[in-house]
Amino acid sequence: MSGDTPTELPTEDELGQMSRDELVKLGLKMDGVELVHYEDKWPVKGTRAEKRAERTVALWFLIAALGGVAFLAAFLFWPWQYEPPTSDRHLLYSLYNPIIGITLGIAILGLGVGALLYTKKFIPDELAVQQRHDGPSAQVDQATVLAELADAGERSTLGRRSLIKKTAGLGAGVFGLGVLAVPLGGLLKNPWKDSDSSKSLWHTAWKPENGEKVYLRRHTGKFHEVELVRPEDLEAGGFETVFPFRESERNNEEALVHAIKSADGPVMLIRLRPGQPVVKRAGQEDFNYGDFYAYSKICTHLGCPTSLYEQQTGLLLCPCHQSQFDVFHYAKPRFGPATRALPQLPITVDEDGYLIARGDFIEAVGPAFWERKS
Ligand code: FES
């Protein structure tokens with residue numbers, strides 16, 4: 001700093017008249033910096049080798065831009081919704097994650113390699129030695145530091161390399177757009193376009209269609225195997241995870257897989273012990289069938305499966321953040337971050353003795369979202 005050096009300081013007028021080179025030299029001198037080595041990478045400007053180096057750097061930035069465009073396109077348009085292995089579109093679906101990972105990786109790699117190559121090929125080699133000192137910056141220090149920064153910019157030769165500047169800007173710009181697309185991408189699609197469909201957040205796969213019965217089905221580990229649930233299958237105090245099934249889907253492998261895999265489908269079917277006192281939710285007094293109660297398995301906190309049932313206490317535990325829901329009290333949250341009860345599925349038994357849903361949930365399952373009222 002200027003205060004630590006014996007350099008004779010210029011007046012304000014002299015400072016204003018000094019060229020940038022003079023300011024740089026003054027700054028170095030005042031800071032006690034000694035330039036012990038300086039080597040311009042391209043002492044002869046405009047050679048073919050220099051132009052080749054410039055094109056190499058530009059190529060990497062261009063690769064970054066192409067990677068960014070490909071990432072954006074894949075993120076917005078690649079089919080990402082689940083397709084079963086039997087579907088022709090399964091391959092496309094299964095490539096979604098690799099494609100967005102690879103394209104984003106190419107964009108980052110292109111930017112990184114371009115920046116590294118630029119530093120290697122165009123930034124002059126210099127070695128400076130500086131004494132350390134304390135104290136605040138004087139006005140003269142600020143002026144000289146600014147001049148040094150501008151000088152460094154010029155020596156980096158970036159100012160006159162418009163091809164590199166343009167491709168670097170393009171690569172960084174497209175990459176930035178790609179990064180923005182991740183949080184904003186969801187806003188480009190209207191989630192309420194088809195609010196009545198079972199795919200909307202308001203409904204689940206239990207929504208009856210065309211008056212067809214929706215049975216409670218257990219998952220045997222084989223997607224194509226259909227096993228329906230009868231009340232006598234469950235012992236008092238027992239529980240089971242069940243999924244929706246419609247007769248029209250019996251030989252439709254794709255639909256059978258989808259019913260098991262759909263995120264809002266899993267339901268915890270619980271058989272309470274006989275005589276267990278239960279507090280039912282107002283308006284849902286007839287949702288149970290005798291001692292059988294069916295609650296959405298999707299935690300109302302952040303959507304993990306609430307799979308752990310403790311039959312003595314009637315508590316359903318979500319393993320993610322330890323929310324506990326009281327099955328003896330309409331699955332109201334007792335502990336943990338969840339604030340809403342698990343939605344209850346209205347069930348009954350049909351004339352053949354199978355447990356069936358009497359309708360869809362009367363509220364959205366899973367975590368809260370902006371448009372939810374409760
Ligand atoms: S997702 Fe269940 S407690 Fe957080």
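One is the number of the first residue; the rest follow in order along the sequence. Any value given below was found using the heavy atoms of this structure, including those in side chains, with hydrogens, waters and symmetry copies removed. Note that ligands are numbered from 1 as they come in the structure, with each ligand's atoms numbered from 1 the same way.
Residues F325 and H329 keep their aromatic ring centres 6.0 Å or farther apart.
For the atom pair CZ (R48) and CZ (R52), the distance works out to 7.0 Å, reported to the nearest 0.5 Å. The CG atom of L216 sits 10.5 Å away from the CZ atom of F243 when rounded to the nearest 0.5 Å.
No side-chain N or O of T220 forms a donor-acceptor pair with one of E227 less than 3.5 Å apart.
Inter-residue side-chain proximity for R273 and D291 is flagged as unmet; no heavy-atom pair is nearer than 4.5 Å.
Listed by chain and number, H301 ND1, H321 ND1 are the protein N/O/S atoms closer than 2.8 Å to atom 4 (Fe) of ligand 1, with waters left out.
The neighbour count for E209 CD, taken as heavy atoms of other residues, nucleotides or ligands under 6.0 Å away, is above 12.
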